[in-house]
Amino acid sequence: MKSRPLALLLGLSTILIACQPGGGGTPSSGGTLRIEGWPSGQSGRIEFFLAGSSTPFAQSNVDANGNTTYNLPTPAPNTLAPLNPSVPSGCTGTVNANPTNANTSLFVSILAYLGGSNSPSGTVIAASRAPSSNLGQQQGDKVGLLLYLDRDVSISGNTSCPASGSSPATSTSFNINFKQGWNYLILSTQAASSSSIQQQATASTSLPPDLRWYYSAGISGTSLTTPLWLR
């Protein structure tokens with residue numbers, strides 16, 4: 001498989017989407033939590049997809065109150081690709097990984113199905129507030145993205161990307177310490193205005209207390225080959 005450059009893995013200038021209360025502390029690899037906004041009174045299931053795959057590698061049932069217990073297996077080695085840090089095209093700065101031989105699953109998409117339907121009705125996103133078109137563009141916003149690493153790896157550096165189209169200029173600091181296994185990449189908006197956004201990228205092996213899993217309707221038919229936050 002081709003390596004996945006950080007321009008794709010962490011293209012933060014273009015990222016961000018057009019139970020236990022909060023789920024805080026639930027391990028990234030699995031546990032029990034509540035999906036906020038799950039359609040009331042409807043049971044269903046969620047399915048987990050690795051980037052580039054249309055076949056789920058895990059699934060879990062969801063009860064009528066939005067509660068689910070999930071478990072993410074270790075991905076097969078041939079589904080991983082080298083983590084290859086690079087500054088996104090058109091941006092300035094430096095981004096470095098240590099060690100340089102880590103492999104990753106890239107990000108996991110979570111699709112939701114109501115009842116016994118085989119057509120997805122929406123997606124599930126870990127965030128600090130309910131998904132909207134400006135999620136990530138307000139100060140205090142956080143988004144958590146699930147991914148697997150085959151070893152401990154740290155990513156450090158800073159990037160600055162100019163405004164492009166409707167996307168404001170974005171500066172990002174990387175202070176990421178992934179552990180071997182499943183992790184959340186946490187994207188935090190430190191400051192935001194109509195012309196610029198300042199973000200920080202960190203990591204956690206459990207869902208932070210200020211993030212929840214949210215159901216977002218109307219994603220059916222979306223391609224599974226590209227994570228939603230890169231659209």
Side-chain angles (χ1 to χ4, degrees), residues 3-18 24 28 51 81-108 125-129 131-212 226-231:
S3 64
R4 295 177 174 130
L6 204 66
L8 174 63
L9 178 62
L10 301 175
L12 298 181
S13 64
T14 58
I15 283 182
L16 301 172
I17 21 189
S28 52
L83 175 65
N84 181 23
S86 63
V87 176
S89 176
C91 304
T92 59
T94 58
V95 185
N96 300 294
N98 182 30
T100 60
N101 60 343
N103 296 292
T104 179
S105 65
L106 196 57
F107 302 126
V108 170
I125 301 166
S128 57
R129 62 184 176 94
S132 67
S133 61
N134 68 344
L135 179 60
Q137 299 179 27
Q138 295 183 8
Q139 183 174 349
D141 281 354
K142 291 184 179 181
V143 176
L145 312 176
L146 278 168
L147 73 166
Y148 179 88
L149 278 299
D150 69 348
R151 67 202 65 202
D152 292 0
V153 59
S154 298
I155 298 175
S156 60
N158 295 274
T159 60
S160 180
C161 300
S164 176
S166 60
S167 299
T170 304
S171 59
T172 304
S173 61
F174 298 84
N175 184 23
I176 299 172
N177 292 295
F178 288 128
K179 300 298 183 181
Q180 180 181 9
W182 287 102
N183 294 256
Y184 284 100
L185 170 66
I186 308 298
L187 309 177
S188 304
T189 302
Q190 308 294 305
S193 70
S194 60
S195 60
S196 65
I197 292 176
Q198 296 178 17
Q199 293 182 325
Q200 182 180 49
T202 58
S204 177
T205 56
S206 62
L207 188 66
D210 53 351
L211 267 64
R212 301 175 183 227
T226 304
L228 295 176
W229 46 83
L230 295 177
R231 293 185 179 278

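Between the CG atom of N98 and the CD1 atom of I155 there is a distance of 10.5 Å, given to the nearest 0.5 Å.
Between N103 and R151, the closest heavy-atom pair is ND2-NH2, 4.0 Å. In this structure, L149 and K179 approach most closely via the heavy-atom pair CB-O, 4.0 Å. When all heavy atoms of G144 and Y184 are compared, the closest pair comes out as C-CD2, 3.9 Å. Scanning both residues, Q138 and R129, for their nearest heavy atoms gives CD-NH2, 3.5 Å.
Proximity of a side-chain donor or acceptor of S193 to a complementary backbone N or O of S196 within less than 3.5 Å is detected. With T104 contributing its side chain and L106 its backbone, the two residues share a donor-acceptor pair below 3.5 Å. Remark: side-chain polar atoms of D152 are paired, donor with acceptor, to backbone N or O of Q180 under 3.5 angstrom. Between the side chain of S105 and the main chain of L147, no donor-acceptor pair closer than 3.5 Å is present.
Between N158 and S171, the closest side-chain pair of non-hydrogen atoms is not below 4.5 Å. Counting only heavy atoms from C-beta outward, the side chains of I186 and L211 approach each other to under 4.5 Å. Residues P99 and V153 form a side-chain contact, since some pair of their non-hydrogen atoms from C-beta on lies under 4.5 Å apart.
Applying side-chain contact (heavy atoms from CB on, under 4.5 Å) to Y148 and the options F107, W182, F178 leaves one that passes, W182.
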